[in-house]
Number of protein chains: 2
Amino acid sequence: MIRVVLAEDQSMVRGALASLLGLEPDIEVVGEAANGDEAVEVAEATRPDIALLDIEMPGRDGIAAAEELRRRVPGCRVVILTTFGRPGYLRRAMEAGAVAFLVKDSPARDLAAAIRRVLRGERVIDPGLAAAALSAGPNPLSPRERDVLSAAADGSTINDIALRLHLSEGTVRNYLSAAIQKTAARNRIEAVQKAQAQGWL
Amino acid sequence: MIRVVLAEDQSMVRGALASLLGLEPDIEVVGEAANGDEAVEVAEATRPDIALLDIEMPGRDGIAAAEELRRRVPGCRVVILTTFGRPGYLRRAMEAGAVAFLVKDSPARDLAAAIRRVLRGERVIDPGLAAAALSAGPNPLSPRERDVLSAAADGSTINDIALRLHLSEGTVRNYLSAAIQKTAARNRIEAVQKAQAQGWL
DNA sequence: CCTCCGCGATGACAAATGTCATCGCGTGCG
DNA sequence: CGCACGCGATGACATTTGTCATCGCGGAGG
């Protein structure tokens, strides 16, 4: 039996995925988690063959959990299952040690197939997505530019951001201006959206 | 047997939900759809007891599909299953004739339970969400204010919006200003976010 | 050693944005 | 009828935002 731990924050989706995997005769869901921290705990306790992780989760996200799992549960292979096939996500997931990257709008039967392929030692990545990740290149934003752009994402004014990050207003404007240039956007809103679409944020 | 049509754009989630419902001895998934238009077609062809609809889908969304279904397949009860429990969504879903409103982060077993309750003629709505919808009050934005705010959501400049909606720049600024006041925001970005959080957009 | 780069800051400037008062037009409602 | 309200527009104004040049500091790397 292939032993799987499942991490996904929406519990109805989590339950549905568990039932989907339960249909497979050679797969057994041995643990469930609603966020990245839980995923690590459950995996440490159950030592599964596979950890199936969503990315967008409250608290520690799936990518951070993957990194932690590599250290704490070395025998466990990480499969990422995410809504958004963003190039930056794929890149970070691979760097965090994931061996497969699936998007939720691929067919349901791909999931079990991917798990079996991973068990045979293969990596499973959508070819189109891999190409997009390579052609998009690495994240051009410096760490600080990322901080400032993220802080701008919720509609904060320059002043808010300056206070929150302990910077002067001018500095914030400079970082935002740089981020706007690097994302080829026309204002901070477009910059935030383009960066998010790439998975840079 | 309770005959169900399932509409959800992410095909892995759709398949997983189908398998979840398949576990129930008295429920049968007789059709699947990836968007609202398909949902209406499939429901017309199969005449199910229940249409289980996601809201966020490409093309016609779940709420619009509910409205159409009420006319075209009168015997079919609509259950909305959505990621976001936004007050405005609930309100619109009810106005469109839905009899149940579930969010995806409630437990998986609630789904079949809700379907059975609907079949007995009950309405199924999360009490907390119902309270939020009532306390939030109706959408304060005029139709045109909604248009302009939606057009601003993607980072478009005033000029872009004016061209797209065939308005003068001054008019666009006036509408945006009004929307900012009504949402108690400090700029258009906050206004967009607050409006989206309420399901007003 | 020197250079590049990221970080943080300042000042000046142009452009975009948000606010307000005011106007006309039409529609619905008491 | 008179009134309120949504729609569309204009002009003026203050504020915010985006851009640019320039500075200093420190670490990494040829």
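Given the structure is predicted, the values throughout are model-derived calculations rather than measurements. Every chain is numbered from 1 and lettered A, B, ... according to where its sequence line falls, protein lines coming before strand lines.
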Check your understanding: Between residues 158-173 of chain B and DNA chain D, which residues have a heavy-atom gap below 4.0 Å?
Key -> Leu167(B), Ser168(B), Gly170(B), Thr171(B), Arg173(B)

Check your understanding: What residues, two or more places apart in sequence or in another chain, satisfy salt bridge (Lys or Arg N to Asp or Glu O under 4.0 Å) together with Glu32(A)?
Key -> Arg14(A)

**Study point:** Pairs flagged by salt bridge (Lys or Arg N to Asp or Glu O under 4.0 Å) wherever residues 97-107 of chain B is involved - sequence neighbours left out
**Key:** Glu8(B)-Lys104(B), Asp54(B)-Lys104(B)

Taking N or O atoms only and anything under 3.5 Å, show me the protein contacts with nucleotides 4-6 of chain D, one pair per line.
none

Exercise for review: List in numerical order all residues of residues 186-198 of chain A for which some heavy atom is under 4.0 Å away from an atom belonging to DNA chain D.
Suggested key: Asn187(A), Arg188(A)

**Study point:** Pairs involving residues 155-170 of chain B, ordered by first then second residue, that meet side-chain hydrogen bond (donor to acceptor under 3.5 Å, both in side chains) (sequence neighbours left out)
**Key:** Arg186(A)-Asp160(B), Asp154(B)-Ser156(B), Ser156(B)-Arg164(B), Asn159(B)-Glu169(B), Ser168(B)-Thr171(B)

Practice item. Say whether, by atom type as modelled, one donor and one acceptor occur between the side chain of Asn187(B) and the main chain of Glu190(B) under 3.5 angstrom. Key: yes

Exercise for review: Please check if the side chain of Arg188(B) supplies one atom and the backbone of Ala152(B) the other of a donor-acceptor pair under 3.5 Å.
Suggested key: no

Point to revise | Step-by-step side chain to side chain contact (heavy atoms under 4.5 Å, CB included) determination, Glu24(B) to Ile115(B) | key: CA-CA 11 Å; Glu24(B) 306 294 330; Ile115(B) 288 176; over 6 Å; no

Check your understanding: Between NZ of Lys182(A) and NZ of Lys194(A), what distance do you get to the nearest 0.5 Å?
Key -> 15.5 Å

**Study point:** Heavy-atom side-chain contact between Asp49(A) and Leu119(A) under 4.5 Å
**Key:** yes

Practice item. Using the side chain to side chain contact (heavy atoms under 4.5 Å, CB included) rule, take Asp9(B) and Asn35(B) through it: C-alpha gap first, then chi angles, then the decisive distance, then the call. Key: CA-CA 6 Å; Asp9(B) 60 329; Asn35(B) 59 58; 5.9 Å; no

Check your understanding: Is a side-chain N or O of Ser11(B) found less than 3.5 angstrom from the main chain of Ser106(A), in a donor-acceptor match?
Key -> yes

Review point. Taking N and O atoms by type only, does the side chain of Asn174(B) place a donor or acceptor under 3.5 Å from a partner on the base of dT22(C)?
Key: no

**Study point:** For Ala7(B), side chain to side chain contact (heavy atoms under 4.5 Å, CB included) partners two or more places apart
**Key:** Ala33(B), Ala39(B), Leu53(B), Met57(B)

Review point. With sugar-phosphate meaning primed atoms plus P, OP1 and OP2, does Gln181(A) contact a base, only sugar-phosphate, or nothing at under 4.0 Å between heavy atoms?
Key: sugar-phosphate

Write down the protein N/O and nucleotide N/O pairs, taken from nucleotides 27-30 of chain C, whose separation is under 3.5 Å; answer none if there are no such pairs.
none

Point to revise | Angle by which the axis turns from one end of the helix from dC1(C)-dG30(D) to dG30(C)-dC1(D) to the other, five pairs per end, to 10 degrees | key: 30°

Study note, to complete from the structure: Atom CG of Leu176(A) and atom P of dC7(C) are separated, to the nearest Å, by 14 Å

Practice item. Rounded off to whole Å, could you give me the CG-to-P distance for the Leu149(A) and dG18(D) pair? Key: 11 Å

Review point. For Val192(B), what residues pass the side chain to side chain contact (heavy atoms under 4.5 Å, CB included) criterion, not counting sequence neighbours?
Key: Leu149(B), Ala153(B), Gln196(B)

Review point. So do Ile50(A) and Ile27(A) actually touch side chain to side chain, heavy atoms under 4.5 Å?
Key: no

Review point. Would you say the side-chain atoms of Arg146(A) pair up with the backbone N or O of Asn139(A), donor to acceptor, closer than 3.5 Å?
Key: no

Review point. Quick one: Asn139(A) CG to dG6(C) P, roughly how many Å, whole number?
Key: 12 Å

Review point. With the sugar-phosphate defined as primed atoms, P, OP1 and OP2, and the base as all remaining atoms, what B/S/- string results for nucleotides 23-30 of chain D, 5' to 3', for protein heavy atoms under 4.0 Å?
Key: --------

Review point. Just by distance, do the side chain of Ser177(B) and the backbone of Arg173(B) share a donor-acceptor pair under 3.5 Å?
Key: no

Exercise for review: Examine dC20(C): is either OP1 or OP2 under 4.0 Å from a nitrogen or oxygen in the side chain of Ser177(B)? Give yes or no.
Suggested key: no

For residues 89-101 of chain A, which side-chain N or O atoms pair as donor and acceptor with protein atoms under 3.5 Å away, sequence neighbours left out?
unit_1: Tyr89(A); atom_1: OH; unit_2: Glu56(A); atom_2: OE2; d: 3.1
unit_1: Tyr89(A); atom_1: OH; unit_2: Arg86(A); atom_2: NH1; d: 3.1
unit_1: Arg91(A); atom_1: NH2; unit_2: Ala133(A); atom_2: O; d: 3.2
unit_1: Arg92(A); atom_1: NH2; unit_2: Gly199(A); atom_2: O; d: 3.0

Review point. Does the side chain to side chain contact (heavy atoms under 4.5 Å, CB included) test come out yes or no for Val79(A) and Val4(A), once each step is laid out?
Key: CA-CA 10 Å; Val79(A) 174; Val4(A) 176; over 6 Å; no

**Study point:** Taking every non-hydrogen atom, the tightest pair across Val42(B) and Gly31(B)
**Key:** CG1-CA, 3.8 Å

